[in-house]
Amino acid sequence: MQSIVKMNEELKIRLFYVLSITAIVANTIGFISNAIIYGFTSITIFTLVCAIIMYIAGIMGMYTKNSKLPAGIILVLGNIIEFPVLYLAYGAYYILYMILGIVSTVLFLEEKWQIIGSLFIAFYDGIVIYIKVMYPHLFAGIEINPNLIAILVTYFIAMISIVMMSIILMKHYHLQQDKLSELANQLQEMVHLDPLTHIYNRRYLVEYLNKKNED
């Protein structure tokens with residue numbers, strides 16, 4: 001049982017690595033591309049600040065091996081502040097990051113908070129989208145027309161992150177199934193062996209004879 005708990009902790013760390021690396025890479029690319037294409041605008045500086053905060057949170061989580069607080073910082077910054085602002089500035093292309101944020105939130109929240117947390121983020125994003133569509137004039141000062149490279153980078157970062165998280169989850173699932181099967185076999189063996197002599201006991205003999213009679 002302790003080994004399964006350890007596996008779950010390792011899973012959280014692996015997912016945190018994907019989350020933090022994705023956040024750092026995405027913000028770094030966003031900052032560099034914005035600086036080259038548009039210069040040092042308010043959005044460019046904004047992506048730089050987000051990159052620095054996420055870099056610090058990522059290093060803190062990797063160093064301490066405790067992903068709970070750093071992941072919370074990255075998720076709150078991304079879902080509540082950064083993704084909505086980038087959507088308001090760039091438009092519908094950044095909805096991909098909003099979806100990635102919801103997926104990441106579900107993975108890192110405790111089971112009892114997953115539905116509430118994901119619904120809250122989805123509702124929050126829906127309000128942002130509604131305001132953007134219904135009142136576009138409010139954001140005329142920060143709107144940017146993204147080029148093809150920026151759109152493709154956004155798509156590939158979001159898709160690669162989701163694929164990596166899916167692969168890690170599937171690998172963890174198979175490892176956990178193998179571990180549970182191993183524990184079941186060990187338990188079965190303990191039931192059939194005498195604890196002192198390690199010789200098959202009466203229970204095993206009865207089950208063996210019953211099986212032979214059935215055959």
Asker: Answer whether the closest heavy-atom distance between the side chains of Y97 and E82 falls below 4.5 Å.
Answerer: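 No; the side chains remain at least 4.5 Å from each other.
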
Asker: Could you tell me if the side chain of Y90 sits less than 4.5 Å from the side chain of I43, heavy atoms only?
Answerer: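 Counting from C-beta outward, I43 and Y90 do come under 4.5 Å.
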
Asker: State yes or no: do Y55 and V49 share one hydrophobic cluster built from I, L, V, M, F, W and Y residues joined by side-chain heavy-atom distances below 4.5 Å, directly or via other members?
Answerer: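 Unlinked, Y55 and V49 end up in two clusters.
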
Asker: Go through the steps to decide whether I102 and D125 satisfy the test side-chain contact (heavy atoms from CB on, under 4.5 Å), and finish with yes or no.
Answerer: CA-CA 10 Å; I102 293 174; D125 290 342; 4.0 Å; yes

Asker: Does Y63 belong to the same Ile/Leu/Val/Met/Phe/Trp/Tyr cluster as I52, with side-chain heavy atoms less than 4.5 Å apart forming each link?
Answerer: no

Asker: Using every non-hydrogen atom in the two residues, find where G58 and I74 come nearest and quote the distance to one decimal.
Answerer: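 Looking at all heavy atoms of both residues, the shortest contact is N-CD1, 4.4 Å.
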
Asker: Any side-chain heavy atom of F83 within less than 4.5 Å of one from L96?
Answerer: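 No, side chains not in contact.
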
Asker: Contact between I129 and M134 at the side-chain level, heavy atoms closer than 4.5 Å - yes or no?
Answerer: no

Asker: Any heavy-atom pair between the side chains of T105 and S118 that's under 4.5 Å?
Answerer: no

Asker: Dump the intermediate steps for side-chain contact (heavy atoms from CB on, under 4.5 Å) on S20 and M62, then the final yes or no.
Answerer: CA-CA 9 Å; S20 58; M62 294 176 188; 3.2 Å; yes

Asker: Do I56 and I73 come within less than 4.5 Å of each other through their side chains, counting heavy atoms only?
Answerer: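 No, every pair of side-chain atoms sits at 4.5 Å or beyond.
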
Asker: Can you find a pair of side-chain heavy atoms, one from W113 and one from I116, that are under 4.5 Å apart?
Answerer: yes

Asker: Is there a path of hydrophobic side-chain contacts, each under 4.5 Å between heavy atoms of I, L, V, M, F, W or Y residues, that connects I95 with I127?
Answerer: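 Both belong to a single hydrophobic cluster.
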
Asker: Does any part of the side chain of I80, heavy atoms only, come nearer than 4.5 Å to the side chain of L75, both counted from C-beta?
Answerer: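 Counting from C-beta outward, L75 and I80 never come under 4.5 Å.
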
Asker: Supply the atom-to-atom distance S104 OG to N79 CG, rounded to the nearest 0.5 angstrom.
Answerer: 7.5 Å

Asker: Does OH belonging to Y124 count more than 12 external heavy atoms closer than 6.0 Å?
Answerer: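 Atom OH in Y124 is crowded, with more than 12 foreign heavy atoms closer than 6.0 Å.
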
Asker: Flag yes if I121 and F123 sit in one hydrophobic cluster, no otherwise; membership is Ile, Leu, Val, Met, Phe, Trp, Tyr, and two members link when side-chain heavy atoms are under 4.5 Å apart.
Answerer: yes

Asker: Take atom CD1 of I59 as the centre, draw a 6.0 Å sphere, and report whether it contains more than 12 heavy atoms from other residues, nucleotides or ligands.
Answerer: yes

Asker: Is there a path of hydrophobic side-chain contacts, each under 4.5 Å between heavy atoms of I/L/V/M/F/W/Y residues, joining I81 to F31?
Answerer: yes

